[in-house]
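Here is the structure we will look at.
Excluded from the calculations below are hydrogen atoms, water molecules and symmetry mates; all remaining heavy atoms, backbone and side chain alike, are included.
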Amino acid sequence: MSTPTSEVRPLARQMGTWGALFLTLSAETPASSVFVILPGVVQAAGSGALISMAAAGLVALCMALTYAELGSTFPSAGGEYAIVGSVLGPLAGFAVLGVNLFNLLLAGAALSLGVADYLGQLAPGLEPVPTALAALAVATGLGVLNVRASALVTGIFLAVELLALLIVAALGFAHPARPLSQVLLHPMIGGAHGALGAVGLGGLATAVVVGLFAYDGYGSAVYLAEEVRDVRRKLVRAVLWALAATALAEMAALAAVLVGAPDLAALFADGDGMISAFTARAGGAGLGRLVSAGVALAILNAVIALVLMTGRQLYATARDGVWPGPVGRALCRVHPRFGSPWAATLVAGLLSAGLCLVPLSLLLLLSGAGVTLIYAALSLACLLHGRKRRAAAPGWRLPLWPAPPLLALGLLGVFGAVSLGEGATSFAVSLGCAALAAAYYALVLKRRRGWRLAGPSVEAP
């Protein structure tokens, strides 16, 4: 038996643009991306990383416009699952749900395991798993609070995060070793024995795929759609402003490092720790440790936002009748004082905690392709929804339709094909999650007819 929608307490609309923006930026976590993901972009494209990030930014812009239109038209805490299910049908919606829930839980665990790496600069010898579990406990506790309180906490943490990136940018631009034009017009990459060589198109394309992860997170605003007032306008602002702020912060920090590094070959040789190493060399060991602490706080901030948003998706799926009887009723519980889906948030934290026992390298390997598949599904949904715009519920309309979703689909196809060799395992796992979730709908939920999308109307205040 599914949970009757009439018995489910709705989430309260108590948040404006800034609260949604702070939580979305925290999930997007620009500082974590600069220190953890951008080294992978540089390893693939060398100093051509700026070119690759600009191309990835074009895809991200197309997707942000797509998220803004679909999220304002279908404002559900179910996020991408509810959007795709509304437009492409329940089978496609459940396929996206399988990929998305898997990725959200993996991301929460992977980020939590990364906290110890940066706190280790201040407190050497921290064990990754206990530290990750402690981070998840803090994040889950904060996620249960009133959403405005959570937004305030993440906003404070976000200020520290952006300050760390400002320091990195200042260190690089204060003592430039080469002009920005040289970085853009003559991209170089490390070769054998420390020699520098020209970057190939394959390297630039592979770096674009990695760069998509550095920007990813702006779409997480859709999980807050049931708690944002005047959702048609304010949700759109949160999505687009989050991408703009992240792109500016990440591109500025990356440009500063590539311009300010005295020796590019030495920078490339530092591998995954190149941004941290650059900061310590340019600002001294003490400043390097402080910036690392800021990055640890940024990662914790991202974990808070991820647990909060995963809990909201679990709440929405329970309200729709996805989970059986007592499980569904438990996940639908809303805190009488805080107005948060507290039970679903606790479950989200516990599931991510269980995944912390999986090696970090395996978590990263498994989660890679999910974003590409979800972006493709949303682009298709936007194209189909656009044909029915006049009859659909009112929402924000992206400009130049259908160019953004078409361009996003084309670029995702090209860059995905280039990276398929290295990411075959991740694609296979993501497709497996999609198939299992779709089979669950077709073989269980469809037969008992206990499922239906039950999100609030866009007409809600």
Side-chain angles (χ1 to χ4, degrees), residues 10-30 60-61 63-83 100 104 107 139 142-159 161-162 215-249 298 301-316 334-335 338-341 344-345 348 378 395-396 398 455-461:
L11 303 177
R13 292 190 183 274
Q14 54 185 321
M15 190 164 50
T17 301
W18 290 105
L21 178 63
F22 290 158
L23 286 169
T24 304
L25 274 172
S26 298
E28 208 167 358
T29 182
L61 175 60
M63 289 310 309
L65 293 170
T66 298
Y67 266 104
E69 170 159 331
L70 294 175
S72 66
T73 305
F74 306 101
S76 168
E80 296 92 341
Y81 137 82
I83 292 170
N100 205 35
L104 285 171
L142 290 171
V144 169
L145 296 178
N146 177 288
V147 72
R148 286 182 297 177
S150 298
L152 177 62
V153 171
T154 56
I156 294 170
F157 287 2
L158 184 64
E161 177 176 352
L162 294 177
Y215 291 130
D216 185 49
Y218 47 85
S220 58
V222 298
Y223 302 115
L224 306 171
E226 296 180 31
E227 297 163 279
V228 175
R229 300 184 301 270
D230 189 11
V231 67
R232 271 182 236 150
R233 290 191 302 133
K234 293 179 179 178
L235 182 71
V236 171
R237 291 174 187 168
V239 172
L240 298 181
W241 291 2
L243 175 60
T246 298
L248 178 62
N301 204 24
V303 176
I304 295 170
L306 281 170
V307 170
L308 183 148
M309 292 170 181
T310 307
R312 276 146 179 80
Q313 183 166 71
L314 286 172
Y315 160 85
V334 174
H335 198 284
F338 300 135
S340 63
T345 304
L378 284 172
W396 183 79
L398 64 83
S457 167
V458 77
E459 301 294 341

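Scanning for salt bridge (charged side-chain N to carboxylate O under 4.0 Å, His left out) contacts around E227 gives R312, with sequence neighbours left out. Annotation: ring pair (Phe, Tyr, Trp, His ring centres under 6.0 Å) contacts of Y223 (sequence neighbours excluded): none. The side-chain hydrogen bond (donor to acceptor under 3.5 Å, both in side chains) search around T24 returns none, not counting sequence neighbours. Checked against salt bridge (charged side-chain N to carboxylate O under 4.0 Å, His left out), R148 has no partners two or more places apart in sequence or in another chain. In terms of the side chain to side chain contact (heavy atoms under 4.5 Å, CB included) criterion, A244 has no residue partners (sequence neighbours excluded). With sequence neighbours excluded, the residues forming a side chain to side chain contact (heavy atoms under 4.5 Å, CB included) with A139 are V303, I304, V307, listed by chain and number. Scored by the side chain to side chain contact (heavy atoms under 4.5 Å, CB included) test, A64 finds Y218, V239, L240, L243 as partners (sequence neighbours excluded). By the side chain to side chain contact (heavy atoms under 4.5 Å, CB included) test, L25 pairs with L21, E28, L158, A242, A245, T246, sequence neighbours left out.
At a threshold of 4.5 Å between non-hydrogen side-chain atoms, the residues L104 and M309 do not count as touching. The closest side-chain heavy-atom distance from P30 to L162 is below 4.5 Å. Side-chain atoms of L65 and W396, non-hydrogen and from C-beta on, do get closer than 4.5 Å to each other. Considering only heavy atoms from C-beta on, S76 comes within 4.5 Å of E226 through its side chain. In this structure the side chain of P341 reaches within 4.5 angstrom of the side chain of L11, judged on heavy atoms.
Of all the heavy atoms in L314 and A344, the pair that sits closest is CD1-O, 3.7 Å. Across every non-hydrogen atom of S340 and G143, the tightest pair is CB-O, 4.4 Å. Between L378 and I83, the shortest heavy-atom contact is CD2-CG2, 3.9 Å. A20 and A238 make their closest contact through CB-CB, 3.9 Å (heavy atoms, listed as atom of the first residue, atom of the second, distance).
With values rounded to the nearest 0.5 angstrom, W241 atom CH2 is found 5.5 Å from W18 atom CH2. Note: S220 OG to N100 CG = 10.5 Å, rounded to the nearest 0.5 Å. To the nearest 0.5 Å, atoms OG1 (T17) and CG (D230) are separated by 8.0 Å. In this structure, the separation between OG1 on T29 and CZ on F157 is 12.5 Å, given to the nearest 0.5 Å. Interatomic distance, L142 CG to T154 OG1, rounded to the nearest 0.5 Å: 9.0 Å. In this structure, the separation between OG1 on T345 and OH on Y315 is 11.0 Å, given to the nearest 0.5 Å.
Annotation: salt bridge (charged side-chain N to carboxylate O under 4.0 Å, His left out) contacts involving residues 234-245, sequence neighbours excluded, are absent.
Among the candidates N146, L23, V231, the single residue satisfying the side chain to side chain contact (heavy atoms under 4.5 Å, CB included) test with M15 is L23.
No hydrogens or angles considered: a donor-acceptor pair under 3.5 Å links the side chains of S26 and N301.
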